[in-house]
Structure formats: structure tokens, C-alpha cells
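What follows is a single structure, written as C-alpha cells, with notes after it.
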Protein chains: 2
Amino acid sequence: MVQHQTARLDATFAAISDATRRGVLDRLGRSDASITELAELFAMTLTGMKKHVGVLERSGLVVTEKVGRVRTCRLGPRGLDEEAAWLDAQRRRWAARFDELDHVLVELSNKERQHGKQRTE
Amino acid sequence: MVQHQTARLDATFAAISDATRRGVLDRLGRSDASITELAELFAMTLTGMKKHVGVLERSGLVVTEKVGRVRTCRLGPRGLDEEAAWLDAQRRRWAARFDELDHVLVELSNKERQHGKQRTE
DNA sequence: TTAATACTGAACCATATGGTTCAGCATCAG
DNA sequence: CTGATGCTGAACCATATGGTTCAGTATTAA
């Protein structure tokens with residue numbers, strides 16, 4: 001179960017680490033779109049866009065449905081809740097860590113003033 | 001400037017799309033650590049861990065400092081604010097889109113009840 | 001029926017990723 | 001000085017990514 005969550009975080013963060021795919025999500029936030037529409041919008045081949053949509057689909061962020069010859073893409077029901085939760089938890093720990101460091105830094109600068117340690121790089 | 005932001009989002013999301021690297025961020029949230037400590041914790045070679053740290057460093061999430069022969073890694077000052085902001089904006093659009101869809105779905109199901117369209121896949 | 005449209009899959013390409021081993025180099029302990 | 005420790009870089013490997021072209025298939029329009 002945790003394994004599963006981890007893999008999903010992997011897939012989703014990888015999916016949104018590409019500017020084109022973030023753009024596709026933006027676009028689908030306005031309205032559904034066909035592969036052709038998306039390919040034109042991002043100036044690439046149908047095949048190329050289909051791959052991007054495939055990545056988004058595998059991550060669960062987008063769902064598609066083919067009616068006749070056109071495949072319509074829309075935002076999936078899964079959303080980005082888990083990812084947002086991970087980010088927030090991390091940011092909280094980050095903040096806590098920096099609070100801690102404030103104290104440590106004060107101690108450090110006291111020590112350094114006393115017997116000045118050398119540093120590389 | 002926008003170009004720059006985009007590239008940074010790319011790099012950061014890519015950086016956190018790997019479970020090992022997310023683990024390293026977790027670990028550094030508790031305290032700073034050397035490459036050796038991190039490598040042992042995640043059961044991989046020093047060289048392998050150094051690459052991961054390199055990715056985190058290039059994304060700005062981690063900073064390192066070498067004193068003597070040990071390189072100490074810590075959380076960088078940059079944080080995940082921009083990424084959280086992007087995620088939140090996206091989630092808001094997502095929600096708005098689904099509100100919209102609620103209405104559309106009602107209309108659609110009315111139409112379909114009338115002249116039942118066929119679907120593939 | 002014919003032609004245009006929309007997608008699909010295979011194959012290819014260059015580059016990146018996630019890991020390894022091996023051979024160093026610098027530093028610290030004794 | 002010597003040896004162990006900690007890191008570093010180069011080279012290699014398998015696989016993935018982001019794109020392309022080309023050759024289809026299925027659907028719709030005329």
C-alpha cells in the first residue's frame with residue numbers, strides 16, 4: 001500500500017516535471033480537448049502529443065475517451081491531493097528545521113568567534 | 001524570467017519524482033548528513049548517492065559544504081514554495097472544472113436519453 | 001466509392017537517468 | 001610515514017524520455 005503510494009508519487013511528479021504536460025493540464029482545466037487540438041497548441045506531432053497524454057493518463061491525472069475517430073482528453077478524477085499533501089508536510093518539516101537552525105547558528109557563530117574553524121569550497 | 005521559472009519547476013518536480021531523493025529530503029529534515037550517512041541509509045554506493053545529491057543540489061533543494069574530507073548536506077533555503085503554489089493553482093482550476101462538469105453532465109445525460117450516442121473503448 | 005481526417009504503432013534517434021565498478025586524491029588518526 | 005576514511009571522476013550499462021518519420025487503420029464527409 002505504501003509501495004503503491006510511492007510509485008504513484010513517482011509517476012505523478014515525473015508527469016508534471018515537463019512544461020508541455022503542465023501546459024496540457026492547464027489547457028484541460030479550461031475545457032476538454034482532442035489530441036489534435038493539443039498537438040497544434042503545443043506545435044508538435046500527433047504522435048508526440050499522444051505520448052505526453054499517455055504519461056498523464058498512466059499517472060491518473062488525465063482520462064481519455066475515444067468516440068468515433070477523435071480521442072477526447074479531460075482532467076481525471078484523481079487530482080493532485082496526495083502530491084499537495086506530501087509537499088505541505090515537507091514544507092512544514094523544512095520550516096521546523098530552519099527554526100532549529102536559527103538556534104544552532106547562534107551557537108556556531110559563538111564557537112567560531114572563539115577558535116575559528118577553516119572551511120573548504 | 002518565466003522561462004527561468006519553468007525550468008526550475010521542471011528541475012524540482014523531476015528531483016522529487018524519485019523515492020530515494022524524497023527520502024533524502026525527509027532525512028535532511030531531521031538533521032544534516034554526510035554523503036556516507038545517506039549512502040548507508042539508502043543502501044547504495046557513495047557514487048550513486050552523490051549523483052542523487054547532485055540532482056537535489058542543482059534543483060536548489062539541498063546545499064552542501066565540504067569541510068575536511070566530509071561533505072555535509074542540508075536543506076537549501078529555497079524550499080518548495082513555488083511548487084506548492086503551482087499545485088494549489090492547478091487544484092483550484094481542477095475543482096472549478098469539475099463544478100462546470102456537473103452541469104454539463106446533467107445536460108449530456110438528458111441528450112443521451114434522447115438520441116443515445118454510441119461509444120468506443 | 002473516394003478522399004480527407006484523426007489517431008495509432010513501430011522504428012529510430014539523441015540524450016538523460018539510476019545505478020554500478022574502478023582508480024584515484026585529500027585528509028585524518030596513529 | 002602509513003593506513004583507513006570520505007569523497008570524486010571517468011567509464012560503462014540498461015532503460016527511459018522526448019521527440020521524429022513512416023506506414024498503417026478506422027471514421028466521417030462529399
Side-chain angles (χ1 to χ4, degrees), chain A residues 6-25 27-28 32-59 61-74 115 117-121, chain B residues 6-25 27-28 32-59 61-74 115 117-121:
Chain A
T6 293
R8 195 149 69 184
L9 282 182
D10 280 15
T12 309
F13 281 133
I16 63 177
S17 74
D18 181 278
T20 299
R21 287 191 295 261
R22 286 196 304 276
V24 168
L25 291 180
R27 173 60 186 77
L28 295 182
D32 299 348
S34 68
I35 305 275
T36 297
E37 285 169 331
L38 294 174
E40 277 170 5
L41 182 55
F42 293 94
M44 70 173 60
T45 59
L46 275 183
T47 311
M49 180 50 70
K50 178 137 191 285
K51 282 195 185 182
H52 281 302
V53 169
V55 172
L56 289 168
E57 217 175 346
R58 252 169 279 129
S59 78
L61 294 176
V62 161
V63 296
T64 71
E65 186 194 15
K66 189 163 184 178
V67 176
R69 54 185 171 174
V70 11
R71 178 173 296 277
T72 299
C73 311
R74 65 172 54 91
H115 44 306
K117 230 175 172 177
Q118 81 290 359
R119 289 194 182 162
T120 317
E121 187 168 336
Chain B
T6 293
R8 195 149 68 185
L9 282 183
D10 280 16
T12 308
F13 281 133
I16 62 177
S17 74
D18 181 277
T20 299
R21 286 191 295 261
R22 286 196 305 275
V24 168
L25 292 180
R27 172 61 186 77
L28 296 182
D32 299 348
S34 69
I35 304 276
T36 297
E37 284 169 333
L38 294 174
E40 277 169 7
L41 182 54
F42 293 94
M44 71 172 60
T45 59
L46 274 182
T47 312
M49 179 50 70
K50 182 144 188 277
K51 281 194 184 182
H52 281 302
V53 169
V55 172
L56 289 168
E57 216 174 347
R58 252 168 280 128
S59 78
L61 295 177
V62 161
V63 296
T64 72
E65 186 194 15
K66 189 164 184 177
V67 176
R69 51 184 173 174
V70 11
R71 177 173 297 277
T72 300
C73 310
R74 65 172 53 90
H115 44 305
K117 228 174 173 176
Q118 80 292 359
R119 290 195 181 160
T120 317
E121 186 170 338

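A, B, ... follow the sequence lines: proteins, then strands. Residue 1 opens every chain.
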Next on the checklist: Could you tell me how far apart A/R69 (CZ) and C/dA6 (P) are, to the nearest whole angstrom?
Outcome noted: 6 Å
Nucleotide N/O to protein N/O under 3.5 Å, stretch nucleotides 16-18 of chain C:
{"residue": "C/dG18", "atom": "OP1", "partner": "B/D18", "partner atom": "OD2", "Å": "3.4"}
{"residue": "C/dG18", "atom": "OP1", "partner": "B/R21", "partner atom": "NH2", "Å": "3.3"}
{"residue": "C/dG18", "atom": "OP2", "partner": "B/R21", "partner atom": "NH1", "Å": "2.7"}
{"residue": "C/dG18", "atom": "OP2", "partner": "B/R21", "partner atom": "NH2", "Å": "3.4"}

Checklist entry - More 5' along DNA chain C: B/T20 or A/I35, using each one's nearest nucleotide? => result A/I35
Next on the checklist: Would B/E57 and B/T64 count as a side-chain contact (heavy atoms from CB on, under 4.5 Å) here? Give the steps.
Outcome noted: CA-CA 8 Å; B/E57 216 174 347; B/T64 72; 2.9 Å; yes
Next on the checklist: Using whole Å, what does the distance between atom P of nucleotide D/dT27 and atom CZ of A/R71 come to?
Outcome noted: 12 Å
Item to check | Nucleotide of C/dC28, C/dT21, D/dT28 approaching B/T45 most closely (side-chain heavy atoms) | outcome: C/dT21
Next on the checklist: Measure CG/B/L46 against P/C/dT21 and give the value in whole Å, please.
Outcome noted: 12 Å
Checklist entry - Do the side chains of B/V24 and B/L41 get nearer than 4.5 Å, heavy atoms only? => result no
Checklist entry - When the distance from CE of A/M49 to C1' of D/dT21 is rounded to whole Å, what number comes out? => result 18 Å
Please output the side-chain donor-acceptor pairs of residues 45-55 of chain A that fall under 3.5 Å, not counting sequence neighbours, one pair per line with the distance.
{"residue": "A/T45", "atom": "OG1", "partner": "A/G48", "partner atom": "N", "Å": "3.0"}
{"residue": "A/H52", "atom": "ND1", "partner": "A/R21", "partner atom": "NH1", "Å": "3.2"}

Item to check | Short side-chain N/O contact to C/dA6 OP1/OP2 from A/K50, under 4.0 Å | outcome: no
Item to check | Nearest-Å distance for atom pair CG/P, residues A/L38 and C/dA6 | outcome: 13 Å
Checklist entry - So, does A/R22 use its side chain to make a donor-acceptor pair with the main chain of A/I16 at under 3.5 Å? => result yes
Next on the checklist: Just to verify, what does B/R8 make a salt bridge (Lys or Arg N to Asp or Glu O under 4.0 Å) with, not counting sequence neighbours?
Outcome noted: B/E82
Next on the checklist: For a quick check of understanding: with a heavy-atom distance under 4.0 Å over all strands, which category does A/T47 fall into, base, sugar-phosphate or nothing?
Outcome noted: base
Item to check | Expected output: side-chain A/E40 to main-chain A/E37 donor-acceptor under 3.5 Å | outcome: no
